[in-house]
Each structure stands twice: as C-alpha cells, then as structure tokens.
Amino acid sequence: MGRIPASHPRRESLEAREELLRGFRHGLVCESGLIAQGRGEAFDYLLGEKTLPFARKAAEAGAAMLLLAERPVISVNGNLAALCGKEAVGLAEACGATIEVNLFYRTKGRVEAIKRHLRRLGATEVLGGEKGEASIPELFSERRRVSREGIYKADVVLLAMEDGDRTRALRKMGKKVIAIDLNPLSVTAREADVTVVDNVKRAVPMLVKELGRFRGRRESELARIVSGYDNRQALGGALKCINARLSGLARG
Ligand code: PTJ
C-alpha cells in the first residue's frame with residue numbers, strides 16, 4: 001500500500017486501517033477485526049473523532065480503579081494488539097497489571113503471534129493459552145478460556161473492542177470491568193463498570209497519563225473518584241453528544 005500523504009484529511013483513520021491490515025497479515029488480527037474497526041470508525045465520526053469530557057471522566061475512574069486493584073489484568077485481543085500493543089504494554093506496566101491474550105476467534109497460532117508481538121514490544125510476561133486453563137461460567141465462546149493466574153483470579157479486568165457477553169459473565173464472577181468501546185449502545189459499554197467511549201488509540205495513552213497523575217494519591221481519594229463515577233451518566237453524555245452534533249449539522 002502506498003504512503004498516506006501527511007496532509008490527507010483522514011490520515012489517522014487510514015493509518016489505523018493500515019496497522020490493522022498489517023496485523024491481519026502477521027496473524028494477529030482476525031477477519032472480523034477489520035469489520036469491527038469499521039463500526040468503531042462510524043461512531044468515532046459521530047463523536048467528532050476527539051476525546052470528550054465523558055471519556056475523560058471514565059478514564060479518571062478507570063485509572064483510579066486500576067490503582068486500587070489487587071490483581072488487575074489487561075485483556076488483549078487482536079485489534080488492541082495491532083492498534084496499540086506498545087501502549088497496552090505501557091498501561092500494564094503503569095499499574096502493575098498482568099497482560100493476558102483472550103480471543104473470540106481463538107486459534108493457537110493467533111494467541112502465540114500476539115504473545116510474541118507483545119513481548120517484542122517490551123512485555124515481560126504475557127498469559128493466555130496455557131495448559132489447564134480455567135473457564136468463565138455461563139460463557140460459551142472461546143473467550144471463556146482464561147488463565148488461572150490471570151483473568152480467572154483478577155479483581156479488575158480492562159478490555160477493549162469486544163462483544164458484551166464476556167463483560168456480563170466477568171461481572172457475574174464479581175470482577176470489575178473497565179471497557180474501551182466507541183459504541184455507547186453496545187452491550188459491553190452498558191454492562192461494564194466503567195466505559196471509556198473513545199478510540200483505543202486515544203483512550204489507552206489517556207489512561208496511562210491518568211495513572212501517572214494519580215500515582216501516590218491516598219486510597220481513600222482514589223476510592224472517592226471511583227464511587228463518584230456514574231457509567232450510565234457517561235453513556236448518556238455520549239448519546240447526547242451524538243444527538244447534539246447531528247442536530248447541529250442538520251440545522252446547517
Ligand atoms: O481478536 P478477537 O478474535 O478476540 O476478535 C476481536 C473482534 C473485534 C473481532 C471481536 O471482539 C468482535 O467481533 O467485536 P465486535 O462485536 O465487533 O465489537 C467491537 C466493538 O469495538 C464495537 O462496539 C466497535 O464500535 C468498537 N470499536 C471498534 N474499533 C474501535 C472500537 N472502540 C474503540 N476504538 C476502536 N478503534
């Protein structure tokens with residue numbers, strides 16, 4: 001594929017597509033991952049392709065939750081690995097989280113390719129696909145298979161760009177879920193404790209920044225940030241923003 005001119009009005013979006021295509025060619029991303037990006041792009045477009053206040057608030061709550069966690073896990077799928085693998089490794093480092101590869105379209109080859117990719121980007125340990133995995137109850141997709149030392153024992157799981165059944169099942173297990181999803185209507189977005197409605201390309205670095213800002217704060221202060229956060233309100237904010245933007249555009 002040819003180089004994208006720096007002045008191209010949709011350069012960032014085209015570059016993300018190229019990252020996903022590269023990830024697809026290297027066996028990280030599945031075919032459906034390319035389609036999922038299209039849905040994300042549509043919502044990003046409606047939201048004005050920038051980080052909005054409700055996403056900032058969610059990132060604050062998410063960062064506080066990660067710092068309060070005893071066993072935080074960053075769950076990585078093909079799209080996250082391809083779009084911001086390096087930033088996801090940085091995020092895990094910034095909050096002492098374990099990284100685990102967890103896939104919907106799981107093959108041994110993809111799990112291993114993503115683990116190799118993350119190690120090349122600096123991850124020291126990446127879980128996923130070991131023998132003797134545990135199973136998430138009431139979940140029937142390949143995502144039910146999780147590492148005993150990772151997601152199974154986690155108290156907080158951060159995940160991005162996935163369908164909602166696992167979020168619901170993880171919450172039923174008593175875990176807190178932080179989701180990154182551009183679609184405020186998705187089951188994941190509605191089921192998670194904290195949903196960052198923003199592009200992962202912006203959301204993951206924002207979470208790292210918030211972790212840096214909150215480091216050293218008292219637990220009681222972090223707990224106040226978490227308890228003061230309302231995910232329904234954040235999702236409502238995203239929908240209102242889409243509504244206002246479209247109404248404004250329609251008025252010309
Ligand atoms: O790697 P695997 O095998 O685990 O499969 C991953 C995919 C993405 C194929 C799988 O999880 C899937 O099918 O997901 P869905 O149901 O298409 O959901 C993806 C969600 O992520 C949608 O709500 C999209 O709006 C959202 N999304 C897509 N791209 C982005 C995004 N959210 C944030 N940033 C993005 N770049």
Side-chain angles (χ1 to χ4, degrees), residues 10 12-21 23-24 26-52 54-55 58-59 62 74-85 87-88 91 99-115 117-118 126 128-129 136 139 141-146 151 157-170 177-192 194-207 234-235 238-239 242:
R10 306 219 42 78
E12 281 176 23
S13 158
L14 295 180
E15 278 173 356
R17 287 184 187 185
E18 291 211 352
E19 281 168 354
L20 278 172
L21 282 170
F24 178 69
H26 289 121
L28 312 176
V29 175
C30 59
E31 285 154 329
S32 289
L34 304 177
I35 299 167
Q37 174 71 4
R39 178 154 43 179
E41 279 183 3
F43 279 101
D44 210 4
Y45 203 82
L46 293 175
L47 288 160
E49 295 174 309
K50 57 180 184 232
T51 298
L52 293 162
F54 48 81
I74 310 297
S75 180
V76 177
N77 67 7
N79 284 40
L80 187 64
L83 287 174
C84 47
E87 292 77 6
L91 176 64
I99 300 178
E100 178 168 343
V101 175
N102 180 277
L103 303 179
F104 187 80
Y105 298 101
R106 175 167 148 156
T107 63
K108 198 170 169 7
R110 279 189 72 217
V111 173
E112 289 310 318
I114 294 170
K115 287 172 89 168
H117 177 68
L118 295 172
V126 187
I136 301 177
L139 190 63
S141 68
E142 282 297 300
R143 280 202 180 116
R144 73 183 184 282
R145 292 159 66 180
V146 290
I151 290 169
V157 179
L158 181 140
L159 49 84
M161 297 172 287
E162 60 172 69
D163 50 42
D165 57 345
R166 190 165 73 115
T167 300
R168 191 178 285 147
L170 289 171
V177 177
I178 303 164
I180 304 172
D181 192 330
L182 274 162
N183 177 4
L185 298 167
S186 76
V187 179
T188 301
R190 286 186 283 121
E191 290 283 339
V194 173
T195 307
V196 185
V197 181
D198 201 1
N199 197 312
V200 285
K201 304 280 284 178
R202 296 186 294 268
V204 177
M206 171 165 61
L207 278 159
L235 296 179
L239 291 173
I242 292 174

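All ligand and atom numbering here is 1-based and tracks the order in the structure.
Residue contact annotation: Asp198 has a non-hydrogen atom under 4.0 Å from ligand 1. Residue contacts with ligand 1 include Arg143, since one of its heavy atoms falls under 4.0 Å from the ligand. Look at Arg110 and you'll find a heavy atom under 4.0 Å from some atom of ligand 1.
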- request: Show your reasoning for whether side-chain contact (heavy atoms from CB on, under 4.5 Å) applies to Arg10 and Arg17.
  value: CA-CA 11 Å; Arg10 306 219 42 78; Arg17 287 184 187 185; over 6 Å; no
field: Verdict with supporting geometry, Ile180 and Leu207, side-chain contact (heavy atoms from CB on, under 4.5 Å)
entry: CA-CA 10 Å; Ile180 304 172; Leu207 278 159; 4.0 Å; yes
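Using a 4.0 Å cut-off to heavy atoms of Leu83, the atoms of ligand 1 that qualify are 36 (N). The Gln37 neighbourhood of ligand 1 comprises atoms 29 (N), 36 (N), with distances under 4.0 Å to a heavy atom of that residue. Counting atoms of ligand 1 from 1 in the listed order, those under 4.0 Å from a heavy atom of Asp181 are 20 (C), 21 (O), 22 (C), 23 (O), 24 (C), 25 (O), 26 (C), 32 (N). Ligand 1 places these atoms under 4.0 Å from at least one heavy atom of Asn199: 33 (C), 34 (N), 35 (C), 36 (N). Atoms of ligand 1 lying under 4.0 Å from any heavy atom of Leu103, numbered from 1 in the order shown and given with element: 1 (O), 3 (O), 4 (O). Taking every heavy atom of Ser32 and a limit of under 4.0 angstrom, the matching atoms of ligand 1 come to 9 (C). Of all atoms in ligand 1, numbered sequentially from 1 with element shown, those under 4.0 Å from a heavy atom of Gly78 are 1 (O). Here is the list of ligand 1 atoms found below 4.0 Å of a heavy atom in Gly33: 9 (C).
Between Asp44 and Lys201 no salt bridge is recorded (no basic side-chain N to carboxylate O distance below 4.0 Å).
Among all non-hydrogen protein atoms, the one lying nearest atom 15 (P) of ligand 1 is Arg39 NH2, 3.6 Å. The protein atom (non-hydrogen) at minimum distance from atom 34 (N) of ligand 1 is Val200 N, 3.0 Å. Here the heavy atom of the protein found nearest to atom 32 (N) of ligand 1 is Leu182 N, 3.1 Å. Of the protein's heavy atoms, Ala36 O, 3.2 Å lies nearest to atom 28 (C) of ligand 1. Among all non-hydrogen protein atoms, the one lying nearest atom 31 (C) of ligand 1 is Met161 CG, 3.4 Å. The nearest protein atom to atom 6 (C) of ligand 1, hydrogens excluded, is given as Asn77 ND2, 3.7 Å; this is a heavy-atom distance.
Any N or O atom pair closer than 3.5 Å counts here, and Phe104 shares at least one such pair with ligand 1.
A donor-acceptor pair under 3.5 Å links the side-chain atoms of Asn77 to the main chain of Ala160, judged by distance alone. Of the possible polar contacts, one joining the Thr195 side chain to the Ala189 backbone as a donor-acceptor pair under 3.5 Å is found. Put simply, the side chain of His117 never gets that close to the backbone of Leu28: no donor and acceptor are under 3.5 Å apart.
Distance check: Ile136 CD1 to Asn102 CG gives 6.5 Å after rounding to the nearest 0.5 Å.
In Glu12, the CD atom is not crowded: 12 or fewer heavy atoms of neighbouring residues, nucleotides or ligands sit closer than 6.0 Å.
Taking all atoms of both residues into account, the shortest heavy-atom contact from Ser32 to Tyr105 is OG-OH, 3.3 Å. The two residues Pro184 and Leu239 have their closest heavy-atom pair at CG-CD2, 3.8 Å. Contact detail for Lys115 and Val101: the closest heavy-atom pair is CG-CG2, 3.8 Å.
Less than 4.0 angstrom separates atom 19 (C) of ligand 1 from at least one non-hydrogen atom of the protein. For atom 13 (O) of ligand 1, the protein comes within 4.0 Å by no heavy atom at all.
Side-chain polar atoms of Arg166 and Ser75 form a donor-acceptor pair below 3.5 angstrom.
Of the heavy atoms in Cys30, only side-chain atoms (C-beta onward) come closer than 4.0 Å to ligand 1.
Checked options Glu87, Glu162, Met161; the residue passing with Leu80 is Met161 (criterion: side-chain contact (heavy atoms from CB on, under 4.5 Å)).
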